[in-house]
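To find a chain, count down the sequence lines: A is the first, B the second, and so on, and within it residues start at 1. Just so it is clear, the structure is predicted and the values come from calculations on it, not from any experiment.
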Amino acid sequence: MGILIWGFPKGFEMAGQKFQLGYLDFQEVLKLCSLYVIIKENLSEFMKTFYITTAIDYPSSKPHLGHAYEKICADALARWHRLLGEQVFFQTGTDEHGTKIQRKAKEAGKDPQNFVDEMVVYFEELCKKLDISNDKFIRTTSKEHVKVAQEIFKKLHDKGDIYLGEYSGWYCADCETFYTEKDLVDGNCPTHGKKADWIKEESYFFKMSSYQKQVLEHLEKNKESVLPSGRRKEIVNRVKQGLNDLSVSRVNVNWGVPVPINPKHTQYVWMDALLNYYSGVKEKDLEKFWPANVHVIGKDILWHHTAIWYSILIAAGIKLPKTVFAHGFINTEAGDKMSKSKGTVIDPIEIASGYGVDAIRYFLLREVPFGQDGNFSIEALKTRINNELANELGNLVNRTIVMLEKYCGGKIPKGETDSALQKQLKLDKIKDRMEKLEMHFALAEIFAFISACNKFINDKAPWKLEGKEREKVLYSLADSIRVISILIAPFMPGTSKKINSQLSIKDGKLADCKFNLLKSETKVERGEILFKKTE
RNA sequence: AGCGGGGUAGGGCAGCCAGGAGUGCCCGUCGGGCUCAUAACCCGAAGGUCGGAGGUUCAAAUCCUCUCCCCGCUACCA
């Protein structure tokens with residue numbers, strides 16, 4: 001019995017298996033069947049999409065460490081999912097409308113568009129500097145976004161979910177801004193010190209109150225809708241207290257998306273900004289990415305990303321994102337909020353230039369449990385660089401490469417990776433941690449393996465060994481470093497590349513985190529030291 | 001006031017949701033080993049009444065109640 005293979009005159013090769021033209025014997029049919037399974041599995045991985053976003057930044061002033069942190073976290077997740085072989089779309093960007101921008105531009109003597117055009121450069125620069133692998137940088141002033149924002153506004157209006165009403169509040173004519181009662185200082189405008197007026201103006205309202213039940217239901221039913229879990233409980237409690245209708249347009253703000261049905265109004269910034277997640281993939285070939293898998297946001301804007309965003313989406317008949325992840329804040333060494341007036345604001349660009357991009361990425365991802373607040377200090381950063389990056393990881397790579405050069409002529413020897421060492425890599429745990437978005441733990445687990453490798457060297461003392469015994473130890477190490485390089489790639493992409501180039505290998509996928517895949521005879525070349533110590 | 005987070009060795013943390021000998025990590029201190037390596041690496045030791053008081057339990061850092069400190073948030077502002 002056999003199967004005739006058509007269309008491959010010279011036979012073909014797949015996944016390392018060779019098939020000749022002609023009839024296949026039973027063995028070969030079995031091989032083909034197993035290949036089919038492999039292809040099918042990989043295909044489903046390949047078809048899997050993963051859409052991740054950061055919140056879009058408000059470019060009223062230059063980016064600080066908090067902006068950097070959010071992008072780094074989202075980037076690591078995006079890279080991890082690419083490593084899994086999924087189709088990833090990663091979006092970040094800027095939220096460029098609103099009174100504050102309008103005012104800042106006026107102060108700078110610029111028109112708002114020029115002002116944001118200049119400011120946005122800093123944010124794009126930040127992405128580059130930090131090795132952020134975003135597929136798109138969206139700007140809410142882009143035509144594409146404005147179009148979608150208006151479409152949704154109109155859709156909700158036509159449906160009857162947006163109605164014309166009256167908005168009232170404390171208004172300062174000089175600022176052309178509304179203030180809440182607590183913003184006022186003795187009833188005066190905080191910036192001008194002049195008396196604020198209680199005025200009423202026309203405004204469109206979104207019937208958010210109608211969606212309370214559905215929003216609540218979604219939050220309660222879907223355990224992963226908001227993470228970490230504590231945040232979900234928090235938001236459930238708040239939603240239970242009730243949703244009010246939301247003012248979604250302003251007549252006194254002209255720097256915004258014009259309300260399509262009434263150009264006297266502009267859309268309220270959140271009615272504009274939130275829609276970026278959807279508008280970003282509202283073009284051909286990208287629509288498959290909706291709904292988003294994760295919105296990575298700061299804990300301060302969780303309300304907007306659940307109550308408001310969910311209501312809008314439900315009203316518009318659009319699927320809800322799977323997870324909104326609220327990360328914490330980076331505070332000062334003393335645990336206080338960074339503040340401009342106290343001069344405690346950290347410039348991420350400066351830190352990255354001074355200590356290295358991967359060092360700052362590693363520090364933030366490892367030091368701060370994802371979802372909680374964390375403290376930043378140069379001291380703590382240095383400690384981690386010197387100990388974990390230089391001594392443990394950098395030195396492991398260095399001592400291994402040096403031994404390969406010294407004892408094996410700069411080539412990977414033949415051998416098999418020590419089975420006891422293999423067991424020290426807890427790949428399932430790492431995967432599990434990443435799945436749960438516990439990146440700090442995933443990193444700890446990866447570094448536990450790095451430690452195991454260092455211990456392995458001490459225990460085996462390859463400098464005392466000879467011949468095959470020594471080769472086996474060195475092969476084990478090189479092979480392990482190859483795996484380590486893959487695993488750290490999402491967190492420290494630059495370092496991973498450096499290691500790979502020393503081993504003369506290509507970037508791997510997570511599927512390559514198996515042992516004994518390193519080919520012997522591969523040339524090994526000592527490169528620059530991965531992490532220099534800082535005093 | 002309400003809601004939330006935190007109080008664990010000299011310092012910094014994890015562990016708590018799904019209870020099981022104070023279990024772990026980093027820095028620091030002390031002692032030892034190694035010499036391939038970025039004066040790196042490995043092993044060991046000292047050091048804690050897990051903020052306090054009750055309770056549930058065979059068993060509590062972990063669950064419940066009360067209490068004392070510290071820090072945020074209170075939205076329709078960006």
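Remark: the separation of the C1' atoms in B/A9 and B/A45 is 14 Å, to the nearest Å. Comparing the same atom, P, in B/G44 and in B/U67 gives a spacing of 46 Å after rounding to whole Å. Using C1' as the reference atom, B/U62 and B/G22 are 12 Å apart when rounded to the nearest Å. Nucleotides B/C43 and B/U65 place their P atoms 43 Å apart, quoted to the nearest Å. Between B/A60 and B/G54, the distance separating the two P atoms is 14 Å to the nearest Å. With both ends at atom C1', the span from B/G5 to B/G51 equals 16 Å, rounded to whole Å. Separating the P atom of B/C70 from that of B/U8 is a span of 15 Å, rounded to the nearest Å. Rounded to the nearest Å, the gap between the P atom of B/C41 and that of B/G28 is 10 Å.
Note: CG (A/Asp373) to P (B/G72) measures 11 Å, nearest angstrom. Look at CG on A/Leu302: it is 14 Å from P on B/G4, rounded to the nearest Å. One interatomic measurement links the two molecules: CD of A/Glu379 to P of B/C26, which rounds to 19 Å at whole-angstrom precision. Between A/Leu530 atom CG and B/C41 atom C1' the separation is 16 Å, expressed in whole Å. Rounded to an integer number of Å, the gap from OH of A/Tyr167 to P of B/C76 is 7 Å. Atom-to-atom, NZ of A/Lys455 to C1' of B/C43 comes out at 7 Å; the value is rounded to the nearest Å. Distance CG (A/Leu243) to P (B/C76): 14 Å, rounded to an integer number of Å. To the nearest angstrom, P of B/U38 lies 16 Å from NZ of A/Lys498.
Between B/A78 and A/Arg250, a contact under 4.0 Å exists linking OP1 or OP2 to a side-chain N or O.
Remark: the A/Thr92 side chain and the A/Thr54 side chain contain an N/O donor-acceptor pair separated by less than 3.5 Å. A side-chain donor-acceptor contact under 3.5 Å links A/Thr495 and A/Asp358. If you check the side chains of A/Glu96 and A/Thr94, you find a donor sitting under 3.5 Å from an acceptor. A/Asp117 and A/Gln113 share a donor-acceptor pair across their side chains, judged by distance under 3.5 Å alone. In this structure, a donor-acceptor pair under 3.5 Å is absent between the side chains of A/His145 and A/Thr140.
In a base pair of the Watson-Crick type (N1 to N3 plus N6-O4 or O6-N4) or a G-U wobble (N1-O2 and O6-N3), with each distance short of 3.5 Å, B/C34 is matched with no nucleotide. If you check B/U56 for Watson-Crick or wobble pairing at under 3.5 angstrom, you find it has no partner at all. Across all strands shown, the partner of B/A14 is B/U23, judged by Watson-Crick or G-U wobble contacts whose two distances both fall under 3.5 Å. Pairing for B/G72 is with B/C3, a Watson-Crick or G-U wobble pair whose two hydrogen-bonding atom distances lie under 3.5 Å. Across all strands shown, B/U49 remains unpaired; no Watson-Crick or G-U wobble contact has both distances below 3.5 Å. With a cut-off of 3.5 Å on both pairing distances, B/A9 has no Watson-Crick or G-U wobble partner at all. Base pairing annotation: B/A61 forms no Watson-Crick or G-U wobble pair, as no partner gives both donor-acceptor distances under 3.5 Å.
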Strictly under 3.5 Å: I want the nitrogen or oxygen pairs between protein and nucleotides 27-37 of chain B, one per line.
residue	atom	partner	partner atom	Å
B/C27	OP1	A/Asn387	OD1	3.0
B/G33	N2	A/Asn458	ND2	3.0
B/C36	O3'	A/Lys406	NZ	3.1
B/C36	O2	A/Arg399	NE	3.1
B/C36	N3	A/Arg399	NE	3.4
B/C36	N3	A/Arg399	NH2	2.6
B/C36	N4	A/Arg399	NH2	3.1
B/A37	OP1	A/Lys406	NZ	3.2
B/A37	O3'	A/Asn398	OD1	3.0
B/A37	O2'	A/Asn395	OD1	2.4
B/A37	O2'	A/Asn398	OD1	3.0
B/A37	N1	A/Arg399	NH2	3.2
B/A37	N3	A/Asn395	ND2	3.1
B/A37	N3	A/Arg399	NE	3.0

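Residues from residues 267-280 of chain A with heavy atoms under 4.0 angstrom of RNA chain B, sorted by number: A/Tyr268, A/Val269, A/Trp270.
Nucleic acid contact class of A/Ile301 (heavy atoms, under 4.0 Å, all strands): base. Residue-level contact check: A/Lys533 touches the bases, meaning some heavy atom is under 4.0 Å from a base atom. A/Gly394 comes within 4.0 angstrom of a base, heavy atoms only. Using a 4.0 Å heavy-atom cutoff across all strands shown, A/Asn391 reaches sugar-phosphate atoms only and no base atom.
Listed for the A/Tyr278 side chain is no donor-acceptor partner under 3.5 Å among the backbone atoms of A/Ile152.
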Listed pairs under 3.5 Å, donor-acceptor, residues 437-449 of chain A side chains, sequence neighbours left out:
residue	atom	partner	partner atom	Å
A/Glu438	OE1	A/Arg433	NH1	2.7
A/His440	ND1	A/Phe370	N	3.3

Residues 390-399 of chain A side chain polar contacts: donor-acceptor under 3.5 Å, at least two apart:
residue	atom	partner	partner atom	Å
A/Asn391	OD1	A/Lys533	NZ	3.0
A/Asn391	ND2	A/Asn386	O	3.3
A/Arg399	NH1	A/Asn454	OD1	2.8
A/Arg399	NH2	A/Asn458	OD1	3.4

I'd like a table of donor-acceptor pairs (distance under 3.5 Å, sequence neighbours excluded) in which one partner is a side-chain atom from residues 523-530 of chain A, with atom names and distances.
none

From CA spacing to verdict: ring-ring contact (aromatic ring centres under 6.0 Å, His included), A/His295, A/Phe325: CA-CA 6 Å; A/His295 291 319; A/Phe325 189 98; over 10 Å; no
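Taking the six-membered ring wherever Trp is involved, the centroid distance between the rings of A/Phe376 and A/Phe363 falls below 6.0 Å. Ring centroid separation for the pair A/His305 and A/Tyr277 comes in under the 6.0 Å cut-off.
Remark: A/Arg470 is positioned above the aromatic ring of A/Tyr407, its terminal NZ or CZ atom under 6.0 angstrom from the ring centre and at most 45 degrees off the axis.
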Counting primed atoms plus P, OP1 and OP2 as sugar-phosphate and everything else as base, spell out the protein contacts along nucleotides 6-17 of chain B at 4.0 Å heavy-atom distance: B, S or - for each nucleotide, 5' to 3'. -------SSS--
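Taking the six-membered ring for Trp and thresholds of 30 and 60 degrees, A/His97 and A/Trp255 have ring planes more than 60 degrees apart, a perpendicular arrangement.
Nearest-nucleotide positions on RNA chain B for A/Ser60 and A/Phe531 put A/Phe531 closer to the 5' end.
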